[in-house]
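Structure first, commentary second.
All heavy atoms count here, side chains included; hydrogens, waters and symmetry mates do not.
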Amino acid sequence: GESVGLHLPTLSVQEGDNSIINCAYSNSASDYFIWYKQESGKGPQFIIDIRSNMDKRQGQRVTVLLNKTVKHLSLQIAATQPGDSAVYFCAENTGNQFYFGTGTSLTVIP
Amino acid sequence: DTEVTQTPKHLVMGMTNKKSLKCEQHMGHRAMYWYKQKAKKPPELMFVYSYEKLSINESVPSRFSPECPNSSLLNLHLHALQPEDSALYLCASSQGQGEYEQYFGPGTRLTVT
């Protein structure tokens, strides 16, 4: 399978601070990427996506950045809230299927 | 309706049992997926159905048998499982196979004793 990895397995941030979660991917042919949030006992939930013809995309309190030169993806969460505590996965689409990264566990400290 | 439902939520079965996991979506999606997720690990793709036909089988053991009776339903039949098959089984659907957002169900927590 493809190698999609995250630089940090765990991340703790203070409530109100910004969070940055990173992801490295290995297949330069990957052309579509998704960030998912998975809370305990639930299935992954779509947060934001980005296609390879873009380098930045913004949603509500979230921004995804794509650097194709170094094959790096990041998720920025503004004003992190306790409800943001979860495991975050990046997923890359290659050959009509998605490969998930190893995940980063985000803990928000009140 | 943007929901994928899965039943049962929890399942405990012995190694000689036969059971089935069920998944349903009413979003008109034409691609449906089964993933296996072990604790603290990412989801691993098992099967993909596109337009009710098996499109991808990621070398899954034959003790797992998928079935897509119609465009809204996806089943996973289980037989002679091993304890190492204990995991969270996730179903997902998308508008089509490929560069489309996948909607996940809550999963079935399976324990094989």
Assigning hydrophobic clusters by single linkage (Ile, Leu, Val, Met, Phe, Trp, Tyr; side-chain heavy-atom cutoff under 4.5 Å), is [X] placed with [Y]?
X: A/L11; Y: A/L65; value: no
X: B/L110; Y: B/L45; value: no
X: B/L81; Y: B/W34; value: yes
X: B/L11; Y: B/L90; value: no
X: B/Y51; Y: B/I56; value: no

Is the number of heavy atoms from other residues, nucleotides or ligands within 6.0 Å of [atom1] ([X]) greater than 12?
X: A/K56; atom1: NZ; answer: no
X: B/E84; atom1: CD; answer: yes
X: A/M54; atom1: CE; answer: yes

Which answer fits B/Q6, side chain, backbone, both or neither, if we ask what part of it has an atom under 4.5 Å from a heavy atom of chain A?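 Contact with chain A involves no heavy atom of B/Q6 at all.
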Check whether B/E44 gets within reach of chain A through its side chain, its backbone, both or neither, counting any heavy atom under 4.5 Å.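 Neither part.
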Would a 4.5 Å heavy-atom cut-off, applied to side chains only, mark A/Q97 and B/Q97 as touching?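 The answer is no, as the side chains (C-beta and beyond) never meet within the 4.5 Å cut-off.
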I'd like to check B/Y35 versus A/F100 (side-chain heavy atoms, cut-off strictly below 4.5 Å). Are they in contact?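 Result yes, sub-4.5 Å side-chain heavy-atom pair found.
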Rounded distance [0.5 Å steps], [atom1] in [X] versus [atom2] in [Y]:
X: B/E99; Y: A/S30; atom1: CD; atom2: OG; answer: 9.5 Å
X: A/F89; Y: B/Q37; atom1: CZ; atom2: CD; answer: 5.0 Å
X: A/N93; Y: B/E101; atom1: CG; atom2: CD; answer: 13.0 Å

Tell me, with the steps shown, if B/Q102 and A/F98 meet side-chain contact (heavy atoms from CB on, under 4.5 Å). CA-CA 9 Å; B/Q102 292 185 8; A/F98 282 94; 3.1 Å; yes
Residues of residues 36-45 of chain A near chain B, each having a heavy atom less than 4.5 Å away: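 Within residues 36-45 of chain A, near chain B: A/Y36, A/Q38, A/G41, A/K42, A/G43, A/P44.
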